[in-house]
Amino acid sequence: MLQTREDPMTDTLASRLVELLTPVVAGAGLLLETVEVARAGHRSTVRVVVDLPDGQGDVGVDDIAGATRAISEALDRADPVKGRYTLEVSSPGAERELSAPRHFRRAVGRDVRLTTGAGEVTGTVLRADGESVTVDVGGQERDSAYADLVGARMLVRL
């Protein structure tokens, strides 16, 4: 759940932000996906990615707006980010990375690209449980254990 890109200081800050923001985001009816802190000189950017719980569709503009207000208020109260910063709140996006079983459950019926040590597989998610995902690849069902996946991403086909 935690992503950082800079130095150990931003890593520690991101960890504190995850603790602070998880209940705030849950209070807005969403799940906290990632928190990333990037520093550029004296300024920081705090990027927060939120998602809806399983089976509830896609994150909408109103969801993002509500989450942004709640997160901003929590950051103002706790003041964990020293100095000036920019807050960016977003959803995972259409071609989101899939990294947790719930991501795969939400992807049922959608096209994905799975990467394993043996190569890539592109197909439609048929089902997903706590251990593996089943994808239709050209009419053939292929099971992949999450532990065997190097990467997975939703695909948007036009």
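Every value quoted in this text rests on a predicted model; they were computed, and no experiment measured them. Every heavy atom of this structure was used, including side-chain atoms; hydrogens, water molecules and symmetry mates were not.
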Peer 1: What pair of heavy atoms forms the shortest contact from A67 to A28, and how long is it?
Peer 2: CA-CB, 4.4 Å
Peer 1: Side chain of S72, backbone of T68: donor and acceptor closer than 3.5 Å?
Peer 2: no
Peer 1: How many angstroms lie between CG in L87 and CG in L17, if you round to the nearest 0.5 Å?
Peer 2: 9.5 Å
Peer 1: For the atom pair CD (E97) and CE (M154), what is the distance rounded to the nearest 0.5 Å?
Peer 2: 12.5 Å
Peer 1: Is it true that atom CG of D62 has more than 12 heavy atoms of other residues, nucleotides or ligands lying nearer than 6.0 Å?
Peer 2: no
Peer 1: Any side-chain heavy atom of V25 sitting closer than 4.5 Å to one from L31?
Peer 2: no
Peer 1: Could you report the tightest heavy-atom contact between A74 and L20, atom names first, then the distance?
Peer 2: O-CD2, 4.2 Å
Peer 1: Looking at D51, V48, V49, which one forms a side-chain contact (heavy atoms from CB on, under 4.5 Å) with L32?
Peer 2: V48
Peer 1: Could you check if a side-chain atom of L114 sits within less than 4.5 angstrom of a side-chain atom of E120, using non-hydrogen atoms only?
Peer 2: no
Peer 1: Is atom CZ of R43 surrounded by more than 12 heavy atoms (other residues, nucleotides or ligands) closer than 6.0 Å?
Peer 2: yes
Peer 1: Shared ILVMFWY cluster between L126 and L149, side chains joined below 4.5 angstrom?
Peer 2: no
Peer 1: Do the non-hydrogen side-chain atoms of E141 and D136 ever get within less than 4.5 Å of each other?
Peer 2: no
Peer 1: Closest heavy-atom contact between A107 and V112?
Peer 2: CB-CG1, 4.4 Å
Peer 1: Is the backbone of G60 close enough, under 3.5 Å, to the side chain of D63 for a donor and an acceptor to pair up by distance?
Peer 2: yes
Peer 1: Applying side-chain contact (heavy atoms from CB on, under 4.5 Å), run through V135 and S144 and close with a yes or a no.
Peer 2: CA-CA 8 Å; V135 178; S144 295; 5.9 Å; no
Peer 1: Does the pair L52 and L30 meet the rule for a side-chain contact (heavy atoms from CB on, under 4.5 Å), with working shown?
Peer 2: CA-CA 5 Å; L52 286 171; L30 301 168; 3.4 Å; yes
Peer 1: Considering only NZ, NE, NH1 and NH2 on the basic side and carboxylate oxygens on the acidic side, decide whether R47 and E33 come within less than 4.0 Å.
Peer 2: no
Peer 1: Is it true that the side chains of H42 and R84 contain a donor and an acceptor less than 3.5 Å apart?
Peer 2: no
Peer 1: Test your reading of the model: is there a side-chain donor-acceptor pair from R105 to the backbone of G130, 3.5 Å cut-off?
Peer 2: no
Peer 1: What is the minimum heavy-atom distance between P92 and V50, and which atoms define it?
Peer 2: CD-O, 3.2 Å
Peer 1: Which heavy atom of L13 sits nearest to which heavy atom of P80, and what is that distance?
Peer 2: CD1-O, 3.4 Å
Peer 1: Taking a hydrophobic cluster as the set of Ile, Leu, Val, Met, Phe, Trp and Tyr residues connected by side-chain heavy atoms closer than 4.5 Å, whether directly or through intermediates, do V125 and V137 fall within one such cluster?
Peer 2: yes
Peer 1: Is there side-chain contact between L155 and T122, with heavy atoms separated by less than 4.5 Å?
Peer 2: yes
Peer 1: Could you verify whether a donor N or O on one side chain and an acceptor N or O on the other, from D143 and T134, lie under 3.5 Å apart?
Peer 2: yes
Peer 1: Does the side-chain contact (heavy atoms from CB on, under 4.5 Å) test come out yes or no for L75 and Y85, once each step is laid out?
Peer 2: CA-CA 11 Å; L75 291 174; Y85 68 92; 3.4 Å; yes
Peer 1: Are V59 and F104 connected, step by step, through hydrophobic side chains (Ile, Leu, Val, Met, Phe, Trp, Tyr) whose heavy atoms are closer than 4.5 Å?
Peer 2: no
Peer 1: Salt-bridge test for E95 and R153: reply yes if a basic N is under 4.0 Å from a carboxylate O, no otherwise.
Peer 2: no
Peer 1: Got V46 and T86 here, is their nearest side-chain heavy-atom distance under 4.5 Å?
Peer 2: no
Peer 1: What are the two closest non-hydrogen atoms of Y146 and S132, and how far apart are they?
Peer 2: OH-O, 3.1 Å
